[in-house]
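Everything quoted here is computed from the prediction, not taken from an experiment. Index from 1, following the sequence. The basis for the numbers below is simple: all heavy atoms, side chains too, and nothing from hydrogens, waters or symmetry mates.
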Amino acid sequence: MRQRVGYAGALVLMVAFAPEASTHHGFGTFLMNEDVRITGTVTGLDFVNPHSWLYLNVTQPDGKVAAMPCEMRSATTLPRSGWTPDLFPVGKRITITGSPDRDDP
């Protein structure tokens with residue numbers, strides 16, 4: 001069964017709503033007025049502070065596979081929303097929605 005991952009914003013946007021995030025940096029690296037939707041296979045997870053990272057292999061329209069990192073909230077904040085590392089096993093296919101990085105496509 002395919003599980004969709006994401007809230008009203010998604011992984012990257014969740015960083016924006018974390019109180020800790022707004023106190024130590026702004027939204028400068030993200031295009032907050034844009035959303036991207038990515039479907040891929042989990043290749044890894046760094047469930048760490050100050051930001052966790054989810055790594056996906058995403059098949060592009062031309063058939064090439066691209067490695068994509070997704071920045072998330074901290075490892076201490078994610079469990080408060082019910083998120084655990086068990087949600088992201090390597091090999092699982094997921095879809096996320098979030099704000100793209102301004103400088104890293």
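Linking Ile, Leu, Val, Met, Phe, Trp and Tyr residues whenever their side-chain heavy atoms come within less than 4.5 Å leaves Y55 and L78 in two separate clusters.
One distance of note links CD1 of I38 with OG1 of T59; it measures 12.5 Å at 0.5 Å rounding. Here the NE2 atom belonging to H51 is positioned 14.5 Å from the SG atom belonging to C70, to the nearest 0.5 angstrom.
Considering only heavy atoms from C-beta on, T39 comes within 4.5 Å of R93 through its side chain. By the 4.5 Å heavy-atom criterion applied to side chains, N49 and S74 are counted as neighbours.
By the side-chain contact (heavy atoms from CB on, under 4.5 Å) test, P79 pairs with F47, sequence neighbours left out. For Q60, the side-chain contact (heavy atoms from CB on, under 4.5 Å) partners two or more places apart in sequence, or in a different chain, are V58, D62, A66, M68.
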CA sep, side-chain torsions, deciding dist, call: I96, L56, side-chain contact (heavy atoms from CB on, under 4.5 Å)
CA-CA 10 Å; I96 62 171; L56 303 172; 4.1 Å; yes
Verdict with reasoning, T41 to K92, per side-chain contact (heavy atoms from CB on, under 4.5 Å):
CA-CA 5 Å; T41 303; K92 184 173 190 162; over 6 Å; no
Trace of the side-chain contact (heavy atoms from CB on, under 4.5 Å) decision for W53 with L45:
CA-CA 6 Å; W53 289 88; L45 173 68; over 6 Å; no
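D101 contributes a side-chain N or O that, together with a main-chain N or O of D103, makes up a donor-acceptor pair within less than 3.5 Å. The backbone N or O of R73 sits nowhere less than 3.5 Å from a side-chain atom of T77 that would complete a donor-acceptor pair. Within the 3.5 Å criterion, the main-chain N or O of T43 finds no donor-acceptor partner in the side chain of N57.
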